[in-house]
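Structure, as structure tokens:
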Number of protein chains: 2
Amino acid sequence: MTDKLTGAAGREYVANAIRQALRAGDLVPGQRLVELDLAEAYRTTRGAVREALQDLAAEDIVEIVPRRGARIRAVSVEEAVQITECRSALEQLCARKAAGRASEEQRAELRRIGADMRQAVADGAWEVYSALNQRLHELVIEAGGQEVARRQLERLNGPMVRFQFRLALRPGRPAQSLPQHLAIIDAVAGADPEAAARAVAAHLDDVIEQLRASAPRA
Amino acid sequence: MTDKLTGAAGREYVANAIRQALRAGDLVPGQRLVELDLAEAYRTTRGAVREALQDLAAEDIVEIVPRRGARIRAVSVEEAVQITECRSALEQLCARKAAGRASEEQRAELRRIGADMRQAVADGAWEVYSALNQRLHELVIEAGGQEVARRQLERLNGPMVRFQFRLALRPGRPAQSLPQHLAIIDAVAGADPEAAARAVAAHLDDVIEQLRASAPRA
DNA sequence: GTCGAACATCTTGTCAACAATCTCGTTGAT
DNA sequence: ATCAACGAGATTGTTGACAAGATGTTCGAC
């Protein structure tokens, strides 16, 4: 516990810690990340921090400019929209595949998630709804068996945390997205590929609209 | 020239050299990449090689296993198919956008490429056709203004070089793909987003079929 | 008071040596 | 002949010190 977390172990640890800090809002875009400071803060070596920063740069979460160090990258609304458009393209693919090849257990879990979502919205249980939402997306990708798409989607989500945060805060948002999620579930569980793709597209088009509305600045 | 190419310069140099070697077939999947050997071969330091390998690993071109070093990653046919499916999803997005917002100059260049392609196939000029093909894809992405999608597509292409090679070798392939490319050009230049997406999908569905046919092994 | 140049400090980039681990061939016992 | 333990050599991982470059500050001229 008081030991330094060294080398390869520290690398992943630091990367996760920074991702976490970003989610929590402890780090803001543009903020400088000084190697030595991070090394001290996380009880690691500069080398481990350096490699962690390289990883985060590959995920487009931080921006490294030579001789000037790393900073949290700012994501414009326009870029967030483009990211969501890409997500839409890839998730439509996954949903189509999932509708065609999901197992019975997977379809059952989808329906269960749908029921739980309804309940969560009725109860006003934000946290639960958010977790179910995440599980839904995961399950669709998993059922589609698209390992490549999964990796791509992970990358895309990295820089979006901050926007997702702002979006989830909007009052009435769960009530608005619930029917869209249920439509996705019905289509996938009901083995209707084209309807699944349409439902995903409709959902993410709505997210894009929300993004544009949420931040006229930038 | 006899000097060592050191540090950050060497990093990119080595990465490019390896990519190049892979395209040329000098490196085969599974081949080990020993840091010291590469450092000597390219007149660099081990540090530069190490970072280059990290970059290539982020592109899924090499696989690094701790304490055992880096090797060229093998891509199965199934994975190549999935990669192409993702490409299809993203390029459909780009084509749709491009059909809607390309400038007049861009549409003119597209038509010019189409004419040149016809000519190249008639002449049996493989190299020329291949270059035009690449330019076509670039231009569609550029015209669509999808910077995010462009980055994703670049990543996807990394591990595919070896397959593209095998595919382009198939006799009669240009004659087969020409009408598909022309269909894409017509739709984008003619400002018909849905037709553009359909044309891209049709083209890449055919590529997938070729992939499956090209390698029953693995 | 403002601008610009020299200087001090902070931060990242690079390297070379050392340490830890793995691979593979050899040896010896059963 | 087969197998397991051993050990030498090869290869990667880690560290600490130093070099190079950037940033911010002070001081002087106008």
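In this text the structure is predicted, and so the values were computed from the model without any measurement.
Sorted by first and then second residue, the salt bridge (Lys or Arg N to Asp or Glu O under 4.0 Å) pairs involving residues 147-156 of chain B (not counting sequence neighbours) are A:D60-B:R151, A:E79-B:R151, B:E147-B:R150, B:R150-B:E154. Within the structure, salt bridge (Lys or Arg N to Asp or Glu O under 4.0 Å) pairs that include any residue of residues 24-34 of chain A do not occur (at least two apart or interchain).
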Check: protein-nucleotides 6-10 of chain D nitrogen or oxygen pairs below 3.5 Å:
none

What's touching nucleotides 6-9 of chain C from the protein side, N or O pairs under 3.5 Å?
none

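Overall, the helix from C:dG1-D:dC30 to C:dT30-D:dA1 carries an axis bend of 10° between its ends, with five pairs at each end and the value rounded to 10°.
With sequence neighbours excluded, no residue forms a salt bridge (charged side-chain N to carboxylate O under 4.0 Å, His left out) with A:D116. For A:E51, the salt bridge (charged side-chain N to carboxylate O under 4.0 Å, His left out) partners two or more places apart in sequence, or in a different chain, are A:R11. Every residue two or more places apart in sequence or in another chain was checked for a salt bridge (charged side-chain N to carboxylate O under 4.0 Å, His left out) with B:R162, and none qualifies. Qualifying salt bridge (charged side-chain N to carboxylate O under 4.0 Å, His left out) partners for B:E35, counting only residues two or more places apart in sequence or in other chains: B:R46, B:R50.
Interface residues of residues 60-73 of chain A facing DNA chain D, ordered by number: A:R67, A:R68; criterion, heavy-atom separation under 4.0 Å. Of all the residues in residues 33-40 of chain B, not one reaches under 4.0 Å from DNA chain C with any non-hydrogen atom.
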Donor-acceptor pairs are to be reported for all side-chain atoms of residues 15-23 of chain B against protein atoms at under 3.5 Å, with residues two or more places apart or in another chain.
residue	atom	partner	partner atom	Å
B:N16	OD1	B:R19	NE	3.4
B:N16	OD1	B:R19	NH2	3.2
B:N16	ND2	B:E12	O	3.4
B:R19	NH1	B:E59	OE1	2.9
B:R19	NH1	B:E59	OE2	2.5

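Between B:R46 and C:dC15 there is no side-chain polar atom (N or O) within less than 4.0 angstrom of OP1 or OP2. For A:T45 and D:dT14, the shortest distance from a side-chain N or O to OP1 or OP2 is not below 4.0 Å.
For the atom pair CG of A:L204 and CD1 of A:I83, the computed distance is 13.0 Å after rounding to the nearest 0.5 Å. Rounding to the nearest 0.5 Å gives a distance of 5.0 Å between CZ of B:R170 and CD of B:Q210. If you take NZ on A:K97 and SG on A:C94, they are separated by 9.5 Å, rounding to the nearest 0.5 Å.
For the residue pair B:Q146 / A:E85, a side-chain donor-acceptor distance below 3.5 Å is found, with atom types taken as modelled. Between the side chains of B:S88 and B:Q92, at least one donor N or O sits under 3.5 Å from an acceptor N or O.
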Salt bridge (charged side-chain N to carboxylate O under 4.0 Å, His left out) assessment of B:E109 paired with B:R112: CA-CA 5 Å; B:E109 184 176 354; B:R112 208 173 324 127; 5.2 Å; no
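Along DNA chain D, the nucleotide nearest A:A48 and the nucleotide nearest B:R32 are compared for position; the residue whose nucleotide lies closer to the 5' end is B:R32.
Salt bridge absent: A:R212 and A:E209 never bring a charged side-chain N and a carboxylate O closer than 4.0 Å.
When all heavy atoms of A:P159 and A:L156 are compared, the pair lying nearest together is CD-O, 3.3 Å.
Contact of A:R11 with D:dG13 (side chain to base): no donor-acceptor pair of N or O atoms is detected under 3.5 Å.
Here the P atom of nucleotide D:dT15 and the CD atom of A:E51 are 10 Å apart, to the nearest Å.
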